[in-house]
*Asks:* 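Before we start, here is the structure in question, set down as structure tokens.
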Number of protein chains: 2
Amino acid sequence: MTCPEELDPVRLLTPRAREVLAAARVVLERDGWDTLTMRSLADELGIAAPSLYKHFASKDALRTQLIALALKEFGEGVRPVSGVAALVRAYRDVAAAHPQLYRLATSGSLDRDALPPGLEDWSGSPFLEATGDPHRAQALWAAAHGMVILELDGRFPTGSAPEATWDELVTHFG
Amino acid sequence: MTCPEELDPVRLLTPRAREVLAAARVVLERDGWDTLTMRSLADELGIAAPSLYKHFASKDALRTQLIALALKEFGEGVRPVSGVAALVRAYRDVAAAHPQLYRLATSGSLDRDALPPGLEDWSGSPFLEATGDPHRAQALWAAAHGMVILELDGRFPTGSAPEATWDELVTHFG
DNA sequence: GTCTATACTCCGATAGAC
DNA sequence: GTCTATCGGAGTATAGAC
């Protein structure tokens, strides 16, 4: 399922800015946000770093666009499923497929004013649909996020089986 | 309840190193890890930045000590409780009391070889005691962590009531 | 244990020509 | 839309004297 047109964060970007954004995704996923620099991004594009500022006003503006893009894509990746078990499975998979983008989109502060209005809510709405209750939805999302981020950060003790823990989580919320 | 002597990460530090560590906590909680620099830490102590290297070999070594200290203190803060509801409540409170230390200790990669052996397990053992099952414990911890970190990062939509979500979580695991 | 001096690297961002 | 040149700053860390 696709994101509504009016929520698509890319809709107002120039074609070249979209290319820059796509390259930023590549570098982000390869190096992580902290080591993505305007210089490394420019290298990826084969241009000089100062040229980037013709397309994005600052590195932070680029970050906001990446986050918006992530909200859109994660929302799309999780939407076609129904039921708590399938939702949780899809959430885990989409995060694992783009770990650095997931981390960027869900960690640290969020400048809501810079996002398309309604995008954040739309991105999380599958949890509401699957649970039928706002607080239940929020609790399930938080639990799934905790699992994902601890797994991405390698925080579960070595040798532990996350699969069984995921099953446990689904059981409690199923 | 206090941490076993042999797990206390501070036990091998010189008195002066402990003072440096204490100052690092202050600066960390005030500025966050990314903006804690060797210079700002030195300023807090009223000494010059290079002097710090007499006590800690690198900034990363300092980070490891802070994380170990956090594991000890969070373990102590959560241990005297029994039952899922009280555990979750204590976990939330101890994180909220030292948000930046919590973030440092639970986010990003962890160099386990640099920690006192057994400290990490000891820190998490209250979850095992409260649930009686390893996977249940892990799921509860992940859910609680997800709630805490999203709350600290201001990721719940404005106007939403985290209290009710916390209650929801306790209900499912209670 | 602290100091001064400093090396070295990297960063985001701007100015102005083409 | 891209370039070159550059600013201004920050960061970790080392060397060596006291």
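Chain identifiers are assigned alphabetically (A, B, ...) following the order of the sequence lines, protein sequences preceding nucleic acid strands; residue numbering begins at 1 within each chain. All values derive from a computational prediction rather than experimental measurement.
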*Asks:* Respond yes when some side-chain nitrogen or oxygen of B/S51 is under 4.0 Å from OP1 or OP2 of C/dC3, and no when none is.
*Replies:*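 Affirmative; the distance criterion is met.
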*Asks:* From CD1 of A/I47 over to P of D/dT4, roughly how many Å is that when rounded to an integer?
*Replies:*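 To the nearest whole Å, that distance equals 11 Å.
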*Asks:* Let me know the distance between NE2 of A/H55 and C1' of C/dG12, rounded to the nearest Å.
*Replies:*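 Roughly 17 Å, once rounded to whole Å.
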*Asks:* Could you tell me the separation between the CG atom of B/D43 and the C1' atom of C/dT2, rounded to a whole number of Å?
*Replies:*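 To the nearest whole Å, that distance equals 15 Å.
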*Asks:* Nearest whole Å is fine: how far is C/dA13 P from A/F56 CZ?
*Replies:*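 It works out to 13 Å between those atoms.
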*Asks:* Scan residues 1-18 of chain B for pairs that pass side-chain hydrogen bond (donor to acceptor under 3.5 Å, both in side chains), counting only residues two or more places apart or in two chains.
*Replies:*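 Found B/R16-B/E19.
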*Asks:* May I ask you to decide whether B/E120 forms a salt bridge with A/R155, counting only side-chain N to carboxylate O separations under 4.0 Å?
*Replies:*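 No, B/E120 and A/R155 are not salt-bridged.
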*Asks:* Between A/H145 and A/Y102, does the ring centre distance come in under 6.0 Å?
*Replies:*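 Distance test on ring centres: under 6.0 Å, yes.
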*Asks:* Grab the two heavy atoms, one from A/F74 and one from A/V94, that are nearest each other, plus how far apart they are.
*Replies:*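 Here A/F74 and A/V94 meet closest at CD2-CG2, 3.6 Å.
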*Asks:* Are any of the side-chain nitrogens in A/D93 or A/R89 under 4.0 Å away from the carboxylate oxygens of its partner?
*Replies:*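 Judged by the 4.0 Å cut-off on N to carboxylate O distance, A/D93 and A/R89 do form a salt bridge.
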*Asks:* What is the separation between atom CG on B/D31 and atom P on D/dA10, rounded to the nearest whole Å?
*Replies:*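 Roughly 14 Å, once rounded to whole Å.
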*Asks:* For a quick check, with a 4.0 angstrom heavy-atom cut-off, what is the B/S/- contact string for nucleotides 11-18 of chain D, read 5' to 3'?
*Replies:* BBBBB---
*Asks:* Does any pair with a residue in residues 48-69 of chain B pass side-chain hydrogen bond (donor to acceptor under 3.5 Å, both in side chains), and if so which ones, sequence neighbours excluded?
*Replies:*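 Qualifying pairs, neighbours excluded: none.
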